[in-house]
Amino acid sequence: MLHQLYGWIQNIAVYLIVAAAVMHAIPGNDYGKYVRFFSGLVLIVLLFTPVMKLSGMEETFRELYQNSQYELECQEIELARERLEEADILEFLPEEYDGMDNGEAEEKNGSSIEVEEIRVGE
């Protein structure tokens, strides 16, 4: 129990040192209030970590975070796919290459294209 309490206090101390270093590294006072706000939120989470562990809420928060991360990544992939379909980039490829990667395309042709001569500025 004392080992866990020592680790908790050590985590808070290290965080406060890092937060102070970041505050001094920020140029000007424009972003200071945002950094203080964010660091305050992180400090609150650090302070309530033992309470969350005892009540079992830590696992619940971890699952919620992982689910929201997964949903965001799925949405980003879907948006990228839609943009590619709208741009019709795949129209420029011949039909025989549709769905193939570079290795399969070279195998189908038998070899890659060889350049015999290049002339510049004649």
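We count residues from 1, following the sequence as given.
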Are V18 and V42 connected, step by step, through hydrophobic side chains (Ile, Leu, Val, Met, Phe, Trp, Tyr) whose heavy atoms are closer than 4.5 Å? no

Distance-only check: which donor-acceptor pairs under 3.5 Å involve side-chain atoms of residues 45-52, not counting sequence neighbours?
{"from": "T49", "atom 1": "OG1", "to": "V45", "atom 2": "O", "distance (Å)": "2.8"}
{"from": "T49", "atom 1": "OG1", "to": "L46", "atom 2": "O", "distance (Å)": "3.3"}

Nearest 0.5 angstrom please: L16 CG to M23 CE, how far? 12.5 Å

Under the criterion side chain to side chain contact (heavy atoms under 4.5 Å, CB included), I'd like the reasoning laid out for F37 against K33: C-alpha separation, chi angles, the key distance, then a yes or no. CA-CA 6 Å; F37 175 74; K33 61 183 176 181; over 6 Å; no

Go through the structure and list residues passing side chain to side chain contact (heavy atoms under 4.5 Å, CB included) with E78, not counting sequence neighbours. R81, E82

Using 0.5 Å steps for rounding, measure from the CG atom of L43 to the CZ atom of F38. 11.5 Å

Is the shortest heavy-atom distance from the side chain of Q4 to the side chain of W8 under 4.5 Å? no

Applying a strict under-4.5 Å side-chain criterion to I, L, V, M, F, W and Y, I'd like to know whether V22 and Y34 cluster together. yes

State plainly whether one hydrophobic cluster holds both I17 and L41, where clusters connect Ile, Leu, Val, Met, Phe, Trp and Tyr through side-chain heavy atoms under 4.5 angstrom apart. no

Could you give the distance from CD (Q10) to NE2 (H3), rounded to the nearest 0.5 Å? 9.0 Å

Could you tell me whether the side chain of Y15 and the main chain of S39 form a donor-acceptor pair under 3.5 Å? yes

